[in-house]
Undergrad: 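My structure is below; once you've seen it, I'll send some questions.
Numbering starts at 1 and runs along the sequence shown.
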Amino acid sequence: MSRIALVSAMHEELAAVLARMPDEQKTVVAGREFWVGHWHGHEVVAVLSRIGKVAAATTATTLIERFGVSRIVFTGVAGGLAPQVNVGDVVVAREFIQHDMDASPLFPRHEVPLTGMTRFAADAALSDALTKAAPLAMQDMLASLPKTEWLNLDLPNAQVHQGLIASGDRFVSQTLESQALQRELPDALAVEMECAAMAQVCHDYGVPLAAVRTISDRADDAAHVDFPRFIQSIASRYSLAVLDRLLSTLAV
């Protein structure tokens, strides 16, 4: 039986996942708690990625080397970059790039030195499955989420986007920085701090990676949704719903 890693960005997400694993067993490696168990007949390992590219790379490497996972699925939140990506929308990654990678003039900007690559692809089959699961998961979540918890968002009309996700070791929350990223990477849909590093590790090991991000803000100066409430009411519940849909359809 292949083993699937479920990597969460937030404690609330991980707690929701563990609630669905009736037989989880904890193992501590590299200061992280890895939970091995089952969900929909799949053997899974659930873990918190921690924040930033190094932390994410360490988590991915440990999952592959110590736990022998054959696939990795990441869920979390991100800031929207592209104009059409709104708070409450969902982005399924097709490619990843490190927006702060710059070893020029030795290498072209964004290229990871000695790889010849600027972008790392998400696994096509796993991403296709996530894309199919995403709108169904939104319906599942809304069926049980009272309107008082929608935070004034138009969740029934939330869109599922597919494309480039940019990662970097800084939290983008100012309009000027967001606009600079949009000019530099006009096809980037969202920005976060982990997945491109995980993608580089997965590429090195030949392990499929897929990622889905719920948009929590627009990565700018605009008034933000109450972030803790967004995580608790929407993002963590959505992550659980999309993983539930995904694992119920993947072959064991």
Undergrad: Given the rule in the side-chain contact (heavy atoms from CB on, under 4.5 Å) test, do Lys26 and Phe34 qualify, once you have shown the distances and angles that lead to the verdict?
TA: CA-CA 6 Å; Lys26 181 176 74 172; Phe34 294 82; over 6 Å; no
Undergrad: Would you say Tyr238's side chain and Ser233's backbone share a donor-acceptor pair under 3.5 angstrom?
TA: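 Flag not set: sc Tyr238 to bb Ser233 has no pair under 3.5 Å.
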Undergrad: Minimum heavy-atom separation for Gly37 and Asp23, please, with both atom names.
TA: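 The answer is CA-OD1, 3.5 Å.
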Undergrad: Please tell me whether Leu189 and Val160 are part of a single hydrophobic cluster in this structure, the criterion being side-chain heavy atoms less than 4.5 Å apart.
TA: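 Looking at the clustering, Val160 is in a separate group from Leu189.
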Undergrad: Is the closest side-chain donor-acceptor distance between Arg32 and Thr59 under 3.5 Å?
TA: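 Side chains of Arg32 and Thr59: pair found under 3.5 Å.
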Undergrad: Scan side-chain atoms only and decide if Gln182 and Ser178 contain a donor-acceptor pair under the 3.5 Å cut-off.
TA: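 There is such a pair (donor and acceptor under 3.5 Å, judged by atom type) between the side chains of Gln182 and Ser178.
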Undergrad: Give a yes or no on this: more than 12 heavy atoms of other residues, nucleotides or ligands lie within 6.0 Å of atom NE2 of His203.
TA: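 For His203, atom NE2 is not crowded (no more than 12 foreign heavy atoms under 6.0 Å).
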Undergrad: To the nearest 0.5 Å, how far apart are CG in Leu142 and CZ in Arg237?
TA: 11.0 Å
Undergrad: Mind checking whether Val54 and Thr58 have side chains closer than 4.5 Å, heavy atoms only?
TA: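 Yes - at least one pair of side-chain heavy atoms lies under 4.5 Å apart.
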Undergrad: Short question: side chain of Arg213, backbone of Val92 - any donor-acceptor pair under 3.5 Å?
TA: no
Undergrad: Taking Arg71 first and then Asp123, would you say they form a salt bridge - that is, a charged N and a carboxylate O separated by under 4.0 Å?
TA: no
Undergrad: Mark yes when over 12 heavy atoms from residues, nucleotides or ligands other than Glu149 sit less than 6.0 Å from its CD; otherwise mark no.
TA: yes
Undergrad: Count the heavy atoms belonging to other residues, nucleotides or ligands that lie under 6.0 Å from CD of Gln25, then report whether that count exceeds 12.
TA: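 For Gln25, atom CD is not crowded (no more than 12 foreign heavy atoms under 6.0 Å).
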Undergrad: I'd like to know if the side chain of Thr115 reaches the main chain of Met117, judged simply by a donor and an acceptor atom lying under 3.5 Å from each other, with no hydrogens or angles considered.
TA: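 Looks like yes, one N/O pair under 3.5 Å.
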Undergrad: I'd like to know if Met141 and Leu247 are part of one continuous hydrophobic network [Ile/Leu/Val/Met/Phe/Trp/Tyr, side-chain heavy atoms within less than 4.5 Å].
TA: yes
Undergrad: Would you kindly say whether Ser236 and Glu12 are connected by a side-chain donor-acceptor distance under 3.5 Å?
TA: no
Undergrad: When you check the gap from the basic side-chain N to the acidic O, do Arg94 and Asp128 get nearer than 4.0 Å?
TA: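 Yes.
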Undergrad: Sub-3.5 Å donor-acceptor pair from the side chain of His11 to the main-chain atoms of Leu48, do we have one?
TA: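 Checking the backbone N and O of Leu48 against the side chain of His11, no donor-acceptor pair under 3.5 Å is found.
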Undergrad: Under a 4.5 Å side-chain heavy-atom rule over Ile, Leu, Val, Met, Phe, Trp and Tyr, are Val77 and Val85 clustered together?
TA: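 Unlinked, Val77 and Val85 end up in two clusters.
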Undergrad: Leu18 and Met10: same hydrophobic cluster, using ILVMFWY side-chain contacts below 4.5 Å?
TA: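 Same hydrophobic cluster.
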Undergrad: Is the shortest heavy-atom distance from the side chain of Val17 to the side chain of Trp35 under 4.5 Å?
TA: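 They are not in contact (no side-chain heavy atoms under 4.5 Å apart), so the answer is no.
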Undergrad: Checking Gln232 side chain against Pro228 main chain: does a donor-acceptor pair fall under 3.5 Å?
TA: no
Undergrad: Quick one: do Val91 and Val212 satisfy side-chain contact (heavy atoms from CB on, under 4.5 Å)? Show the steps, please.
TA: CA-CA 6 Å; Val91 175; Val212 58; over 6 Å; no
Undergrad: Between Gln98 and Gln200, do the side chains contain a donor N or O and an acceptor N or O under 3.5 Å apart?
TA: yes
Undergrad: Start with the C-alpha distance between Leu209 and Phe96, add both sets of side-chain angles, then the distance that settles side-chain contact (heavy atoms from CB on, under 4.5 Å), and finish with yes or no.
TA: CA-CA 11 Å; Leu209 170 70; Phe96 306 94; 3.9 Å; yes
Undergrad: Decide if atom CZ of Arg66 counts as having more than 12 heavy atoms of other residues, nucleotides or ligands within a radius under 6.0 Å.
TA: no
Undergrad: Glu192 and Ser167: side-chain donor and acceptor closer than 3.5 Å?
TA: yes
Undergrad: Verify the distance criterion only: is there a donor paired with an acceptor across the side chains of Ser2 and Glu43 at less than 3.5 Å?
TA: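 Absent: no donor and acceptor within the cut-off.
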Undergrad: Going by an N to O cut-off under 4.0 Å, is there a salt bridge joining Arg119 and Glu111?
TA: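 Looking at Arg119 and Glu111, the cut-off is not met.
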Undergrad: Mark yes when over 12 heavy atoms from residues, nucleotides or ligands other than Asn157 sit less than 6.0 Å from its CG; otherwise mark no.
TA: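 Enclosed.
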Undergrad: Tell me whether Asp169 contacts the main-chain N or O of Gly52 through its side chain, where contact means a donor paired with an acceptor under 3.5 Å.
TA: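 Looks like no, no N/O pair under 3.5 Å.
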Undergrad: Checking side-chain polar atoms at under 3.5 Å, does Asp100 have a donor or acceptor matched by the opposite partner on His110?
TA: no
Undergrad: Within the 4.5 Å heavy-atom criterion, are Val47 and Leu63 side-chain neighbours or not?
TA: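 The answer is yes, as the side chains (C-beta and beyond) meet within the 4.5 Å cut-off.
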Undergrad: Would you say that more than 12 heavy atoms from the other residues, nucleotides or ligands in this model lie under 6.0 Å from the CD1 of Ile51, or not?
TA: no
Undergrad: Taking side chain as C-beta onward, heavy atoms only, is Val7 less than 4.5 Å from Val73?
TA: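 A side-chain contact is absent here, since even the closest heavy-atom pair is not under 4.5 Å.
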Undergrad: Given the rule in the side chain to side chain donor-acceptor pair (under 3.5 Å) test, do Glu194 and Ser49 qualify, once you have shown the distances and angles that lead to the verdict?
TA: CA-CA 8 Å; Glu194 292 85 26; Ser49 66; 5.0 Å; no
